[in-house]
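In each ligand, atom 1 is the first atom listed, and ligand 1 is the first ligand listed.
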Amino acid sequence: MLDHSRAPLYDALCSHCSHSRGNYHVPGHKQGRAFDEEGLRHFRSILEIDLTEVGGLDDLHDAQGVIAEAQMLAADAFGADRTFFLVGGTTAGILATILSMCRHGDLLAVQRHSHQSVFHACRLAGVQPVYLGTRLDPDTGLDSGIDLRQLDEVLRRFPQIKGVVITSPSYFGVVQPVEAIAEICHEHGVPLVVDEAHGAHLHFSDRLPLSAMQAGADVAVQSTHKMLSAMTMSSMLHVKGDAIDPEDLVTWLRVIQSSSPSYPLMASLDLARRYMMTRGREELSRVIGAALRLRERVSKLAHLEPLVNQRHDPLKLAIRARKRISGYRMLEWLERHGIYAELGDHQSVLFVFSMGTEESDWALLWETLQQLDQAIPDMGEESPWDVPDLRAWTLADRPLHELMAAEKTVVSLRSAVGRISGAMVVPYPPGIPLLLPGETVTDEKVSYMERVVERGGKIRGLSGRFPLRLSVLQ
Ligand SMILES: Cc1ncc(COP(=O)(O)O)c(C=O)c1O
């Protein structure tokens, strides 16, 4: 039994600070001695532990001391055989995993509704993706994940596939049946990688669906900074079994991540693990109860409703107006009232809760949602949004890096309809590409993009705003 009341990396930083008499190393701010005076008000205590690989502080890229120990404790806490700390977010873990699994020209099955980092990884690895379609729940309009029969069909048809990459939970909190998906993958002898950016908390409550590690995934990459208490950019990569060579992972992580990883970020991972293993379960249970009570109250409002799928993380609350009003407009209304939600989309606004959500936050949100509910009847109804259908599986006709490097020309977005996209076009958030290089530009997708921009939403991958322009293959 490991002692989870310890935080070896954080403790080593503290003991270094009390032991050190002379700092003759980087970083140049020298623990805050050379720094903007006004900024010190916020930065002082963090700068004191913003150190480098000196004394007993170990080295992330060749961990043998306190970082190795902290990673071991994390593996034990999250049910993994091995855990790697990440300072480049889940993005870095996804890149390293896919680069470790695949060589140029390999096929990889990838959920089409994936975060852009998955496609960036395919591009870097020279992978030719087979995209797994995604189903939209007809009642809630939420992405409910891949179709198990389709996964089986794809793995039968392409026995050379090197692995499967899915996202669970989704940004909106829908958790896929990872146990069943892992079973199918393992029957076909391929590893399952789960982008669990939004699910680092799942492991710590019986009231939540199973985490990917509990459900039999080979790799899970989690943004510890999203749903747990680590600092932004701090994530973990968990590995179970031997489907992926840890030495390959270490090598790719060295390639992708800075050779000067931030100690405050790494220590925040150590402390996030300790928090969960000491008081986190209790805190999580408290917040789940409160979130479910709020969801229940919202379901009784006259003009707003919560969107809930099967296996839904209660810490994500998406609300939709019963009449057609986009999430962008509701988000605007909320921000005018000083309330900042995670995101708005064509149909809903998403609120994210965590163990940091306090009594006063629940009360404030409930009061605000009642006011929004009363404001809805005065908002004009919008015309329907056509949501692009991504149900079918497809094989990219070339590896992604070839498509990205192909000869292209830039045309107005409208005149791109019917042509082949040369760009990755990504509404952000949630960061899931609407168009990938090699995909046909449809009228439905163009109309969707035009409406997102019209509503003030952000889209990466288009050039120019008036008119919107898109790069297409020649
Ligand atoms: C589903 C999903 N995967 C991966 C990422 C990337 O995570 P990070 O910001 O930790 O790099 C995100 C970020 O929003 C995400 O939503």
Side-chain angles (χ1 to χ4, degrees), residues 74 78 83-99 108 110-124 129 131-132 134 142-146 164-176 178 181 192-202 209 211-212 217 219-238 252-253 256-258 261-262 264-266 268-269 272 309 312-313 315-316 318 341-345 348 350-352 354 390 424 426-434 436 457-461:
F78 289 85
T83 291
F84 300 88
F85 283 180
L86 306 170
V87 290
T90 291
T91 298
I94 287 172
L95 295 178
T97 303
I98 293 180
L99 285 158
L108 185 69
V110 166
Q111 184 175 343
R112 174 61 185 79
H113 244 218
S114 292
H115 183 258
Q116 57 180 348
S117 53
V118 172
F119 305 104
H120 291 152
C122 290
R123 177 185 181 186
L124 288 174
Y131 298 121
L132 299 167
T134 213
L142 294 178
D143 166 18
S144 33
I146 63 167
V164 174
V165 183
I166 62 162
T167 301
S168 178
S170 67
Y171 210 137
F172 284 83
V174 180
V175 183
Q176 299 201 51
V178 179
I181 294 172
L192 172 65
V193 175
V194 180
D195 173 351
E196 203 171 25
H198 297 278
H201 58 310
L202 296 184
S211 71
V219 175
V221 196
Q222 300 174 334
S223 297
T224 323
H225 65 94
K226 288 192 196 296
M227 298 305 289
L228 296 183
S229 54
M231 283 170 73
T232 296
M233 291 182 81
S234 314
S235 285
M236 293 190 197
L237 193 169
H238 304 297
W252 279 114
L253 285 170
I256 287 160
Q257 302 202 102
S258 168
S262 155
L265 295 192
M266 292 188 282
S268 82
L269 286 168
N309 271 35
H312 205 125
D313 176 3
L315 301 193
K316 296 285 177 80
E342 178 72 12
L343 64 87
D345 71 359
S348 64
L350 177 67
F351 299 92
V352 177
S354 78
L390 298 170
M424 192 189 297
V426 190
Y428 213 96
I432 296 167
L434 189 62
L436 289 169
K458 296 190 184 80
I459 298 192
R460 296 179 186 166

In this structure, atom 13 (C) of ligand 1 is nearest to the protein heavy atom K226 NZ, 3.1 Å
In Å, rounded to the nearest 0.5 Å, how long is the span from CZ of F119 to CD1 of I432? 8.5 Å
Which one holds for T91 and ligand 1: side chain close, backbone close, both close, or neither close, with close meaning a heavy atom under 4.0 Å? both
Using modelled atom types only, decide if a donor and an acceptor are shared between the side chain of R112 and the backbone of I146 within a distance under 3.5 Å. no
Take every heavy atom of S235, measure it against each atom of ligand 1, and state whether any distance is under 4.0 Å. yes
Any idea which protein heavy atom is nearest atom 16 (O) of ligand 1, and the distance to it? H198 NE2, 2.7 Å
Close approach, M233 and ligand 1, non-hydrogen under 4.0 angstrom: no
Any idea which atoms of ligand 1 are less than 4.0 Å away from a heavy-atom of T167? 1 (C)
Among all protein heavy atoms, pick the one closest to atom 4 (C) of ligand 1 and tell me residue, atom and distance. D195 OD2, 3.3 Å
Please report the shortest heavy-atom distance between T224 and A200, naming the atom on each side. CA-CB, 4.3 Å
Identity and separation of the nearest protein heavy atom to atom 12 (C) of ligand 1: H115 CD2, 3.3 Å
Q176 (side chain) donor-acceptor with T167 (main chain) under 3.5 angstrom: yes
Atoms of ligand 1 close to G89 [distance to a heavy atom under 4.0 angstrom, numbered from 1]: 10 (O), 11 (O)
Assess the residue pair L228 and H201 against the criterion (side chain to side chain contact (heavy atoms under 4.5 Å, CB included)); give the C-alpha distance rounded to whole Å, side-chain angles, the decisive distance to 0.1 Å, and a yes or no. CA-CA 6 Å; L228 296 183; H201 58 310; 3.7 Å; yes
Of the protein's non-hydrogen atoms, which lies at the shortest distance from atom 8 (P) of ligand 1, and what is that distance? T90 N, 3.5 Å
Quick one: which of K226, K316, Q222 gives a side chain to side chain donor-acceptor pair (under 3.5 Å) with H198? K316
Numbered atoms and elements of ligand 1 in range of S223, under 4.0 angstrom, heavy atoms: 7 (O), 8 (P), 10 (O)
Give me the atom names and distance for the closest heavy-atom approach of N309 to L142. OD1-CD1, 3.7 Å
In terms of relative ring orientation, are H115 and Y428 parallel, tilted or perpendicular, with 30° and 60° separating the classes? perpendicular
